[in-house]
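Computed from a prediction, not measured in an experiment: that's the story for all the values here.
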There are 2 protein chains.
Amino acid sequence: MSEKTRLDAPPRTNRKVEKSESTERPRLKLSQRAIVATAADLFARNGFGATSLDDIGVALGVTKGALYYHVKNKEEILKLVFMTVLTVSEEPLRRIVEAEITPVEKLRRAILHHVAIAADRSPAMTVFYREDVHLTGPFAREIATRKKAYEHLFELIITEGQQINTFKPSLDPKIVAFGILGMCNWLSEWYRSGGTYKPEQIAEMFSGLVESGIEV
Amino acid sequence: MSEKTRLDAPPRTNRKVEKSESTERPRLKLSQRAIVATAADLFARNGFGATSLDDIGVALGVTKGALYYHVKNKEEILKLVFMTVLTVSEEPLRRIVEAEITPVEKLRRAILHHVAIAADRSPAMTVFYREDVHLTGPFAREIATRKKAYEHLFELIITEGQQINTFKPSLDPKIVAFGILGMCNWLSEWYRSGGTYKPEQIAEMFSGLVESGIEV
DNA sequence: GCCAGTTTTGAACGATTGGTCGAATTAGAG
DNA sequence: CTCTAATTCGACCAATCGTTCAAAACTGGC
């Protein structure tokens with residue numbers, strides 16, 4: 001934690017609770033993978049700027065100096081979080097768009113795909129959309145570009161559906177795409193695993209809503 | 001700016017450009033209102049944790065010490081940003097829900113209301129949904145509560161529409177409400193004033209999408 | 001049980017941060 | 001102009017930050 005702004009009455013949360021006799025910490029083997037996963041969690045919960053390398057180290061049961069053996073920078077950790085999201089997102093969606101199925105079916109699968117990621121990889125997804133401000137230089141531009149490309153794939157599905165007259169031609173594909181993406185991305189604000197619905201069920205409801213609307 | 005993490009090649013953006021001969025700065029009269037507005041802008045662009053009080057001072061043409069005459073804390077600034085959002089959001093939506101109009105019309109107006117805020121107050125809205133992590137104590141809880149209440153109002157509209165058989169009874173109002181809110185809130189990620197559409201047009205497209213769907 | 005390579009420590013660094021405060025400045029009323 | 005209160009300055013503080021690095025600790029193969 002180590003919040004930047006501390007109030008008068010410092011709400012210090014007790015860290016390092018487990019200090020039993022011999023076995024000190026869980027101490028899963030340190031690796032770049034573990035660092036990124038833990039960091040994603042902390043970044044999502046406390047924000048990138050308010051998460052110190054100390055925090056990440058403590059969460060892993062390790063000194064912050066040790067992190068630098070596996071990772072170049074704090075920013076590199078953030079970059080790796082972004083990369084994991086893109087890695088699991090881009091390819092599958094591309095395959096859906098290129099598949100030989102109806103636009104309706106494409107849209108359905110695309111929504112399921114996106115909802116599933118937003119739900120299952122919730123921390124990384126949250127970071128992906130909240131902390132892009134902290135990326136700098138060429139990488140920031142690359143992320144922005146690939147994000148746009150991803151959104152464009154949704155747009156393509158809409159456009160295709162309009163061309164074969166399955167989707168209303170009056171709607172602007174870009175706006176519709178943004179609407180759908182917003183609907184799905186917002187999951188990371190309210191979805192908690194173990195809730196009433198599983199990601200597939202939510203995806204189905206979203207699909208139904210987008211396809212035929214809410215009116216009876 | 002003053003990023004916490006600096007890369008090897010520091011991409012320093014030139015601040016303090018305007019340094020003409022006599023008239024030094026725009027120097028609008030300093031006030032709590034001005035501080036909050038400027039801070040909202042900076043928080044939205046660079047994040048709360050990465051925005052220093054120095055940054056806010058510079059943006060206002062003032063030393064950071066001066067800020068403390070109008071404001072107690074850095075966190076109080078953040079609190080005030082949150083309050084401005086709630087101030088313009090809650091009351092109008094409540095009036096819409098309580099109005100004597102059809103649920104369809106309520107939903108239409110609610111979407112317009114929400115889209116307009118997300119578009120017009122973009123920076124504050126961005127902060128509202130990105131930086132809630134940095135709130136602590138009772139205020140954090142209050143914001144969470146009022147946020148939930150706001151969402152619940154959307155839910156109410158859906159439920160009402162289902163009861164008079166205008167909306168499909170099969171849909172879960174909560175999920176639909178979250179979907180609509182996500183669609184609208186996502187505006188702050190892509191909407192830029194002066195773009196192709198005005199907020200009212202976007203709201204209309206969203207309404208049409210939600211009401212009758214995308215299929216022809 | 002020794003050795004080389006890998007991994008972690010722990011202390012230190014320079015920079016920046018949010019916050020404080022008395023002195024200096026400004027503004028307005030009389 | 002004068003006096004007072006409101007406002008701002010500018011220097012300062014303690015804490016925390018990301019980062020570095022030599023030394024220590026651990027590791028597996030021989």
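In this structure, the nucleotide among C:dA12, C:dT8, D:dT8 sitting nearest to the side chain of A:Lys64 is C:dA12. You'll find that the side chain of A:Asp54 is closest to D:dC17, out of D:dC9, C:dT8, D:dC17. Minimum atom distance to the side chain of A:Asn73 is reached by D:dT19, of the listed C:dG18, D:dT19, C:dG10. Nearest nucleotide to the side chain of A:Tyr69, out of D:dT19, C:dG19, C:dT7: C:dT7. Here C:dG10 is the nucleotide among C:dG10, C:dT17, D:dG18 with the atom lying nearest to any side-chain atom of A:Thr63. Relative to the side chain of A:His70, the nucleotides C:dG18, D:dT8, C:dT8 differ in distance, and C:dT8 lies closest.
When rounded to the nearest whole Å, the span between NZ of B:Lys74 and P of C:dT16 equals 15 Å. If you take CD of A:Glu75 and P of D:dC17, they are 18 Å apart, rounded to a whole angstrom. Rounded to whole Å, atom C1' of C:dT7 lies 15 Å from atom CD of A:Gln32. A straight line from NZ of B:Lys72 to P of C:dG18 spans 15 Å, rounded to a whole angstrom. When rounded to the nearest whole Å, the span between CD1 of A:Ile77 and C1' of D:dT19 equals 12 Å. In this structure, B:Leu67 places its CG atom 11 Å from P of C:dG19, rounding to the nearest Å. Here the P atom of nucleotide D:dA6 and the CG atom of B:Leu30 are 16 Å apart, to the nearest Å. Taking atom CG of A:Leu53 as the reference point, atom C1' of C:dA12 lies 16 Å away to the nearest angstrom.
Ring pair B:His134/B:Phe82: centre-to-centre distance not below 6.0 Å. You'll find the ring centres of A:His113 and A:Phe154 outside the 6.0 Å limit. For B:Trp186 and A:Tyr129, the ring centers sit closer than 6.0 Å to each other.
A donor-acceptor pair shorter than 3.5 Å cannot be found between the side chains of B:Asp41 and B:Thr38.
When each of A:Arg141, A:Lys147, A:Lys79 is paired with A:Asp132, the salt bridge (Lys or Arg N to Asp or Glu O under 4.0 Å) condition holds for A:Lys147 and for no other.
For the pair B:Gly65 and A:Ala66, nearest-nucleotide mapping onto DNA chain D gives the more 5' position to B:Gly65.
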